[in-house]
Enquirer: 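One structure, pasted below without further comment.
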2 protein chains.
Amino acid sequence: MGRHISPCENMAGEGCGLKRVLDLIGGKWKILILCVIYAEGTVRYGELRRRIYGITNTMLAHSLREMERDGLVERHQFDEMPVRVEYSLTASAGSMIPILLELKRWGEEHMKP
Amino acid sequence: MGRHISPCENMAGEGCGLKRVLDLIGGKWKILILCVIYAEGTVRYGELRRRIYGITNTMLAHSLREMERDGLVERHQFDEMPVRVEYSLTASAGSMIPILLELKRWGEEHMKP
């Protein structure tokens, strides 16, 4: 394979868009969380937990807090008894979904289960 | 946002293509390693290390071993003195690159450095 234009001059440095995305959604859970919220539109915490096979309470709660802080997820609290909390995607996070679905298709084509 | 077709029936379960990809390239380094090797065509270990800002020797060596085992990276050893080792992408890994570049563009559009 020949030499290609480098995706970044300073790969993984401050200026790299890919590094910024990976800092935001790196790790195994956040992308899956985005996809479940996308699929549901809005989703309650318990339903999220049920849908993501293998995630712990701690990891889900921690990931959601970071994603809310980073502008990927909106948290809606309804003052009912018991309190109801729902999550939805921001417009910004929604625009990442088609790329994640391409990655999913790649996984299905190139890897055996 | 309304309800969408779910990307997976069993999100993050065994059958999910996205989960399989994330198991393969999850974490912050592997995607960056793929991009540097792609940019260079073939690249020596020391050059990889220099190009990926902030990676440790341990993380780079460990990641490369796993990526070779998983069929993403090819390792070529030349019996010179000193021994020369170069890495290149497999065809399968190469086909993931356009998707990663889209993710990079998303990062540049949606996130401030």
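Here is the naming used below: chain letters follow the sequence lines, and residue numbers restart at 1 for every chain. In this text the structure is predicted, and so the values were computed from the model without any measurement.
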Enquirer: Find out whether A/Trp106 and B/Leu24 are in side-chain contact, i.e. whether some heavy atom of one side chain is under 4.5 Å from a heavy atom of the other.
Expert: yes

Enquirer: How long is the span from the CD atom in B/Glu102 to the CG atom in A/Leu103, to the nearest 0.5 Å?
Expert: 10.0 Å

Enquirer: Tell me if the NE2 atom of A/His76 is crowded by more than 12 foreign heavy atoms within 6.0 Å.
Expert: yes

Enquirer: Using non-hydrogen atoms only, which part of B/Ile97 is less than 4.5 Å away from chain A: side chain, backbone, both, or neither?
Expert: neither

Enquirer: Check for me, please, whether B/Phe78 and B/Val73 land in the same ILVMFWY cluster - side-chain distances under 4.5 Å, paths through other members count.
Expert: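 No; tracing contacts between hydrophobic side chains, which count when under 4.5 Å, never links both residues.
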
Enquirer: Pick from B/Gly54, B/Pro98, B/Ser88, B/Ser95: which one has the most heavy-atom pairs with chain A under 4.5 Å?
Expert: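 The residue among B/Gly54, B/Pro98, B/Ser88, B/Ser95 with the greatest pair count is B/Ser95.
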
Enquirer: Nearest 0.5 Å, what's the CD1-NZ distance between A/Ile99 and B/Lys104?
Expert: 12.0 Å

Enquirer: Please classify the contact between B/Leu34 and chain A as side chain, backbone, both or neither, with a heavy-atom cut-off of under 4.5 Å.
Expert: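 Neither the backbone nor the side chain of B/Leu34 comes within 4.5 Å of chain A.
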
Enquirer: Sort B/Ser92 into side chain, backbone, both or neither according to what part of it lies under 4.5 angstrom from a heavy atom of chain A.
Expert: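 Answer is both: backbone and side chain atoms of B/Ser92 are under 4.5 Å from chain A.
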
Enquirer: Please round to the nearest 0.5 Å and tell me the distance separating atom NE2 of A/His110 and atom OG1 of B/Thr90.
Expert: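 The distance works out to 8.5 Å.
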
